[in-house]
Amino acid sequence: MIATKENQGKESWNLLSRHGISKQICSSSKDFTDTEQLAVFIRGVMPDFTIYEEYLTLRSLHGTTKGTDIFREFHATLEEAHLDSTKLFGVATDGCPSMIGANRGLQGLINKWREEDHLAPVTWRHCILHQESLVAKSLNMSNVMDVVTTTVNWIRVNALNHRKFKKFLADTDAEYGDLIMFTAVRWLSRATCVKRFYDLLPEIKTFAEGKIDIPQLGDKVWIADLAFFVDITTHLSTLNRTLQGNSKFCHNLYSTAIAFVYKLCLWKTQLAVNVATAPDSFQLELLDMQSDIELKQLFRSEDLLEFWSRVPEGKYPNLKTNAQKYASVFGSTYVCEALFSKMIRIKNKYRSRLTDDHLKQLLHTASSAITPRFDKLVKAQSQCQVGH
């Protein structure tokens, strides 16, 4: 658990939470018994810029899942983990209504709580993976996708057609043995579906002749649109996979997205900023930093965290504190999605009677990056279990 005295030394920390109200995006946050689960992760930054990213807790929501219910569990989590709320810098969520509601959502309730306790407001981040997925869905290629979906469903849903089609592919030594169905809740399935459809287009056209009328399969303009759709969805899927993973920093995710939009091979943060546009508390420090030859060389030779860890705090206190805050920001809910995948495997039909506490402990074991100190744990036992 994060609840150790050591954690009180963090300069800033962020929370990441994800639950299952937004079922149109992902329904895997429900366990096998249909209990809604709220996953909370924490990312903290120590004074030397050591980053700690850990699974904090899993809160089971047996009743309603309104913003007030989530805020209650959120606040209880802070108290149980003994976290210093004055050092909370930001919260990242999946962006569903109960999370971001301005009045009764988690965001509104946290903002109200911070204001009443005279605490600094927190920054809010909408998972970049969900944003990318929403933008990708706005790509209006229904003239292509509707035909692909209809054709695939005609082959896959009818058991007889499906068997005949797979046998036909085997007899013709086709590159693949079957088509892939498109599932809206699986973000990356559209690209694989249309790519497989395009690769098997000659076989699909031959198999459909005399059975179903699909004129688009012989239309050169439609096939060109299909080829374009395959390319763009493949690139979107590559972008989506690049954004996934643990310990991803917000600036890296942003750089990746900008590089994709502008077709660049590389984007990285530059120190050469316009000082006049920076906040007043940073301007003098920025002028000193831009004139520091040693820091410029250090920035070019070291990665970003190593650079900031070696920036003198006495000379650049405001810039260094600001860097620590933004190093703690979660950019996506990937770690939560990965946790829910583990939860589905752990709590299944063969283990459906697991208690909330047991499920939480098992997920701690499956997800934590902390190596247990077995020697200390064994010494703390008054009597070890012996074999019978």
Side-chain angles (χ1 to χ4, degrees), residues 24-28 127-245 253 256-266 332 334 337 341:
Q24 72 275 17
I25 295 177
C26 181
S27 60
S28 60
C127 169
I128 195 171
L129 286 171
H130 285 83
Q131 292 186 67
E132 188 271 338
S133 179
L134 291 172
V135 172
K137 289 180 179 178
S138 67
L139 182 64
N140 186 15
M141 294 289 289
S142 58
N143 64 313
V144 173
M145 201 63 206
D146 289 348
V147 175
V148 172
T149 303
T150 300
T151 307
V152 172
N153 288 344
W154 172 73
I155 294 174
R156 291 289 305 261
V157 173
N158 186 292
L160 179 60
N161 280 351
H162 194 198
R163 290 196 300 271
K164 288 183 176 180
F165 182 70
K166 291 196 294 184
K167 186 177 185 304
F168 173 72
L169 293 179
D171 293 342
T172 56
D173 293 326
E175 184 177 359
Y176 300 103
D178 202 358
L179 288 171
I180 298 174
M181 294 191 72
F182 168 61
T183 306
V185 297
R186 298 187 181 277
W187 299 346
L188 304 181
S189 66
R190 180 166 59 171
T192 54
C193 173
V194 294
K195 177 67 166 60
R196 181 67 59 85
F197 188 94
Y198 182 78
D199 292 338
L200 293 177
L201 187 59
E203 289 82 2
I204 295 171
K205 182 180 178 182
T206 302
F207 181 78
E209 288 177 354
K211 301 182 182 71
I212 185 174
D213 183 24
I214 310 177
Q216 291 89 344
L217 298 182
D219 186 338
K220 293 183 179 180
V221 175
W222 185 88
I223 294 175
D225 287 343
L226 172 64
F228 168 78
F229 195 53
V230 169
D231 287 341
I232 193 64
T233 53
T234 300
H235 287 305
L236 285 170
S237 292
T238 301
L239 170 64
N240 193 288
R241 290 190 179 94
T242 304
L243 296 174
Q244 297 181 37
L253 299 176
T256 301
I258 292 297
F260 178 80
V261 172
Y262 294 105
K263 309 296 183 183
L264 298 176
C265 298
L266 180 66
S332 78
Y334 171 82
E337 310 297 344
S341 296

Exercise. Taking the six-membered ring for Trp, are F168 and F207 parallel (under 30°), tilted (30 to 60°) or perpendicular (over 60°)?
Worked result: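 F168 and F207: tilted rings.
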Atom [atom1] in [X], atom [atom2] in [Y]: separation rounded to 0.5 Å?
{"X": "F165", "Y": "L200", "atom1": "CZ", "atom2": "CG", "answer": "5.5 Å"}
{"X": "E203", "Y": "D173", "atom1": "CD", "atom2": "CG", "answer": "10.0 Å"}
{"X": "R156", "Y": "T149", "atom1": "CZ", "atom2": "OG1", "answer": "13.0 Å"}
{"X": "I155", "Y": "T150", "atom1": "CD1", "atom2": "OG1", "answer": "11.5 Å"}
{"X": "L169", "Y": "I204", "atom1": "CG", "atom2": "CD1", "answer": "8.0 Å"}
{"X": "K167", "Y": "T172", "atom1": "NZ", "atom2": "OG1", "answer": "10.5 Å"}

For this session: Give the minimum heavy-atom separation between K166 and D178, together with the two atoms involved.
Result: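 In this case the closest contact between K166 and D178 is CD-OD2, 3.6 Å.
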Exercise. K211: what forms a side chain to side chain donor-acceptor pair (under 3.5 Å) with it, not counting sequence neighbours?
Worked result: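 So K211 forms no side chain to side chain donor-acceptor pair (under 3.5 Å) with any residue.
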Return a table of donor-acceptor pairs under 3.5 angstrom between the side chains of residues 223-230 and protein atoms on other chains or two or more places apart.
residue	atom	partner	partner atom	Å
D225	OD2	N143	ND2	3.4

